[in-house]
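Report on the following structure.
This chain uses plain numbering: 1 for the first residue, then up along the sequence. Because the structure is a prediction, the values reported are computed rather than measured. Just follow the structure's listing: the first ligand is 1, and inside any ligand the first atom is 1.
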Amino acid sequence: MNILMKLVIATKNQNKVREILPVLEPLGVQKVSTLNDYPEIHNIEETGTTFDENASIKARAVCVHTGLPSLADDSGLEIDALNGEPGVYSARYGGSSLDDTGRNQLVLNKMIHVPDSDRAGRFVCVMALAFPDGRLYTRTGTCEGLITHEPRGTHGFGYDPIFYLEEHRKTMAELPLAEKNRISHRAQALHKIADLLASLPETKT
Ligand code: ITT
């Protein structure tokens with residue numbers, strides 16, 4: 001298949017780019033750029049209260065600016081015992097002074113008395129694809145797991161070291177990146193977007 005379309009990935013997060021490109025490239029998307037190619041686009045305020053809203057805000061803003069189809073994701077970790085936190089605030093949970101390690105520690109501290117039976121959580125990713133003619137599509141992927149008692153593993157990013165996958169008996173950060181990219185919430189949303197892309201009239205050769 002050869003998709004005759006230029007696409008902007010609306011992120012500066014290189015971890016996301018590394019996950020997204022290998023799925024889009026085999027589809028033959030003609031030319032993929034990222035926000036690093038558009039330094040004039042500064043922080044797009046994620047003012048929504050859901051992943052869907054924030055992904056849509058980002059995709060639309062970048063599409064309007066570039067005039068090109070734009071793909072954005074909003075993602076995060078929902079923990080049942082914390083009433084869904086950190087949720088849409090995953091990237092800035094605990095304030096801007098914390099790094100990934102600090103955010104993981106904050107989650108573990110908040111859950112210090114939570115028994116194993118109540119430590120369920122999930123990574124959620126919504127991908128939004130905006131077109132210059134106003135069409136907007138969103139697709140969701142989720143990945144279920146348990147919150148550990150201490151961080152383990154060095155791969156991935158963000159909350160991966162405290163997210164345990166029962167099926168693999170490993171944290172997400174202990175999985176090789178290629179394996180994470182096969183099963184992750186982002187991969188699942190992205191494969192749905194890839195199916196959508198392949199079905200659109202303008203992408204047929
Ligand atoms: P962009 O807005 O530029 O895309 P970002 O890192 O700010 O990049 P989000 O707003 O989607 O991205 O925030 C997602 C946060 O959720 C991210 O910073 C991590 O803390 C967490 N997160 C998302 N996906 C994750 C993953 O695969 N593994 C671990 N943590 C993840």
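Glu150 CD: more than 12 foreign heavy atoms inside a 6.0 Å radius.
In this structure, His185 and Phe123 have parallel ring planes: the angle between them is below the 30° cut-off, well short of the 60° mark.
Under the 4.5 Å side-chain criterion, counting only non-hydrogen atoms from C-beta, Glu174 is not in contact with Leu165.
Sorted by chain then number, the residues whose non-hydrogen atoms approach ligand 1 to under 4.0 Å are Thr11, Lys12, Asn13, Lys16, Glu46, Lys58, Asp74, Ser75, Gly76, Ser90, Ala91, Phe123, Phe157, Gly158, Tyr159, Asp160, Lys180, His185, Arg186.
Across every non-hydrogen atom of Thr171 and Pro161, the tightest pair is CG2-O, 3.5 Å.
Of the listed residues (Leu21, Asp37, Leu35), just one forms a side chain to side chain contact (heavy atoms under 4.5 Å, CB included) with Ile9, and that residue is Leu21.
Residues in residues 175-192 take part in these salt bridge (Lys or Arg N to Asp or Glu O under 4.0 Å) pairs, two or more places apart or across chains: Glu19-Lys180, Glu19-Arg186, Asp73-Arg186, Asp160-Lys180, Glu179-Arg182.
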